[in-house]
Amino acid sequence: MMKFMPEPHLLESPRGREWPHPLVSRSAATGPLPVRADVVIVGAGPAGLAVASALWHLGVSDVVLLDRDGRPCQRFFDRIDTLGQRVLRSPYEHHPGVEGYRDCELLDFARLHWSRLTPVERREIRMAQAGHRSVVPVDVFEAYSRHIAAVHGVTARTWCADVHEVRPGRTGLAVHTDHGRVNARFTVLCLGEERRAAPAAWSGGVGYWDEPVPASARSVVVVGAGLSAAHVIANSLARGLTVRWVLRENEERYQCADVNASFFRPEGRARFDHSSWSDRLTLMGRHRRASVMFEFQPLLRAAEADGRLTVHRGHAVVDARPGAVRLADGNTVHGDHVVLAIGTTPSTGEGLLPADIVRARDGWPDLDERTLAYRADPRVLAVGAAACMVLGPAARNIDGHRVATARVAATIAARIGVTVPTAMEVAALV
Ligand SMILES: Cc1cc2nc3c(=O)[nH]c(=O)nc-3n(C[C@H](O)[C@H](O)[C@H](O)COP(=O)(O)OP(=O)(O)OC[C@H]3O[C@@H](n4cnc5c(N)ncnc54)[C@H](O)[C@@H]3O)c2cc1C
């Protein structure tokens with residue numbers, strides 16, 4: 001395997017190119033919510049998109065997606081664009097396409113649009129084809145997601161609605177939204193993650209990674225060790241701001257991904273499968289840690305060397321308020337604006353489902369290992385970050401959604417009575 005060499009220009013893919021429109025409708029659903037559906041998917045991010053597309057392949061057509069943003073993957077791309085992120089962290093083989101079907105995969109889609117790609121982007125495709133790590137432009141990923149959503153009928157089945165309760169009844173599940181109710185036989189929760197808020201004891205009134213830095217700021221204090229922090233820092237430096245970066249760890253970590261790569265492969269997941277609950281918690285802590293893409297290293301090191309960036313390493317924060325971050329050693333770091341980039345918290349169904357269905361343990365829902373259904377009510381299933389204690393730390397990433405989707409879609413199709421192809425039949429299709 002060729003050793004990957006960081007190249008900062010990989011981060012600079014163009015954004016906002018025109019892509020050919022899919023041949024089928026790209027319009028979101030309009031009009032009132034359907035009264036009932038076989039399957040209601042709550043959340044139309046990359047996870048919801050993967051589940052709906054897989055159900056389409058399996059012949060389950062009575063599917064409704066409900067998302068408070070109203071358009072497939074909108075929150076994902078809004079967050080990315082707020083950060084000014086131009087390339088994804090995950091490689092070409094991680095995509096919301098469908099496991100087991102020779103659908104148009106992300107790599108195929110990129111090759112189809114070769115003429116629109118820059119020489120650097122074309123070289124990354126060749127890297128992916130040769131089995132090396134590759135960097136995917138956000139532009140390509142967004143056009144591909146739109147394509148997948150259109151051809152699998154997802155866009156046309158997505159309604160803008162904020163779901164506030166999923167109430168299990170004897171004959172079905174009542175999904176309550178701000179636009180009315182949908183009755184479902186099955187509900188798949190694809191809720192993603194909310195940004196992690198400052199601890200309640202902190203003063204507050206500060207900014208977050210998913211909000212713009214005010215134009216009036218001349219200096220910024222960034223708290224956090226991950227890619228979001230790195231983007232806020234890089235954008236602020238590009239605007240000529242001075243930056244102070246506060247890290248709890250003694251050193252910043254530059255890596256391809258936050259997740260140890262083995263957890264994207266069956267052997268990593270198998271390691272998880274054969275572990276006790278407490279070992280799984282340990283594995284999650286040890287193998288998923290905030291880090292920054294390699295490509296940022298030269299940029300951040302140069303800014304630190306010339307004094308535009310000051311890094312406060314090995315400091316726990318005890319309070320953050322407008323203009324100031326107080327450290328555990330008693331010192332205070334000042335700046336016009338404070339940005340917290342302290343991660344995200346998986347949405348597990350708490351607050352939507354009754355607590356005796358979520359049955360949260362250490363903050364994780366009680367899911368069946370094989371089907372990802374809530375054990376206390378198998379009509380409700382989960383894909384995405386909520387499935388971490390079954391699938392391991394990669395469940396929070398696009399590749400993990402693909403693995404979870406294969407189990408969830410097959411489970412629903414089998415229960416609805418659609419004939420699910422056997423593993424051998426699927427293999428024959430590939
Ligand atoms: C900036 C950024 C970059 C990332 N880059 C990568 C990457 O390169 N590779 C990778 O694998 N992962 C990446 N991730 C992780 C990424 O979040 C996940 O892979 C992916 O977005 C998760 O998809 P999801 O569908 O689970 O969640 P989301 O994309 O968050 O989608 C969930 C959707 O559900 C909706 N929703 C939630 N609750 C409700 C409700 N009650 N009612 C209605 N709608 C609701 C939300 O509005 C949202 O649209 C990145 C994350 C961020 C923040």
Side-chain angles (χ1 to χ4, degrees), residues 11 33 40-52 64-96 106 134-138 140-142 145 149 154 158-166 175-179 182 187-196 208-210 224 226-232 256-259 261 263-264 288 290 292-293 341 343-353 382-388 391 393-405:
L11 300 171
L33 292 181
V40 169
I41 299 173
V42 185
L49 174 58
V51 175
V64 164
L65 292 99
L66 304 174
D67 192 293
R68 56 167 80 103
D69 294 319
R71 186 171 73 86
C73 299
Q74 184 160 334
R75 176 162 82 174
F76 182 62
F77 291 111
D78 282 351
R79 284 173 163 175
I80 278 183
D81 285 336
T82 303
L83 287 171
Q85 190 173 334
R86 305 292 191 87
V87 295
L88 284 194
R89 200 167 189 180
S90 44
Y92 268 102
E93 65 261 34
H94 295 186
H95 61 84
L106 180 57
S134 55
V135 172
V136 179
V138 168
V140 172
F141 193 83
E142 186 177 26
S145 301
V154 178
T158 301
W159 273 263
C160 184
D162 194 345
V163 175
H164 48 80
E165 189 182 4
V166 178
V175 182
H176 293 267
T177 84
D178 57 347
H179 284 73
V182 188
T187 299
V188 188
L189 300 185
C190 301
L191 307 171
E193 307 193 35
E194 298 301 320
R195 77 176 181 206
R196 191 182 297 280
Y208 284 90
W209 58 271
D210 54 355
L227 190 56
S228 302
H231 277 293
V232 175
C256 290
D258 285 348
V259 178
F263 286 94
F264 291 118
R288 185 171 181 112
V292 173
M293 280 169 85
T344 47
T345 312
S347 303
T348 58
E350 273 189 307
L352 286 187
L353 286 166
V383 171
C388 271
L391 295 176
R396 292 168 84 167
N397 289 62
I398 290 159
D399 195 56
H401 307 339
R402 200 173 43 80
V403 177
T405 290

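Order of listing sets the numbers, starting from 1, for every ligand and every atom in it. The first residue of the sequence shown is numbered 1, and numbering continues consecutively from there.
- The shortest N/O to N/O separation between D69 and ligand 1 falls below 3.5 Å.
- Taking any N or O of V163, backbone or side chain, at least one lies under 3.5 Å from an N or O belonging to ligand 1.
- Shown in contact with L83 at under 4.0 Å from a heavy atom are these atoms of ligand 1, numbered in order with element: 1 (C).
- For ligand 1, the atoms lying closer than 4.0 Å to a non-hydrogen atom of I398 are 9 (N), 10 (C), 11 (O), 19 (O).
- Assignment of S228 to the shell around ligand 1 is not supported, since no heavy atom sits closer than 4.0 Å.
- An N or O contact shorter than 3.5 Å links R75 to ligand 1 by distance.
- Contacts between Q85 and ligand 1, counted as non-hydrogen atom pairs separated by less than 4.0 Å, involve the side chain only.
- Of all the listed residues (L191, V383, V51, D162), L191 holds the heavy atom that lies closest to atom 37 (C) of ligand 1.
- With a 4.0 Å cut-off on non-hydrogen atoms, R396 touches ligand 1 through its backbone and not its side chain.
- Under the salt bridge (charged side-chain N to carboxylate O under 4.0 Å, His left out) criterion, R195 pairs with D210, E211, sequence neighbours left out.
- Under the 4.5 Å side-chain criterion, counting only non-hydrogen atoms from C-beta, C190 is in contact with V51.
- Within the structure, ligand 1 lacks A257 among the residues with a heavy atom less than 4.0 angstrom away.
- At least one N/O-N/O distance between A47 and ligand 1 falls below 3.5 Å.
- For S90, heavy-atom contacts with ligand 1 shorter than 4.0 Å involve the backbone as well as the side chain.
- Comparing H231, R89, H401 against atom 23 (O) of ligand 1, the shortest heavy-atom distance belongs to H401.
- Side-chain contact between L49 and C73: present, with at least one pair of heavy atoms (C-beta onward) separated by less than 4.5 Å.
- Between P46 and ligand 1, an N or O atom pair is found at a separation short of 3.5 Å.
- Taking each of F264, F141, W209, F76 in turn, the one with a heavy atom nearest to atom 53 (C) of ligand 1 proves to be W209.
- Taking atom 39 (C) of ligand 1 as the reference point, the nearest protein heavy-atom neighbour is R68 NH2, 3.4 Å.
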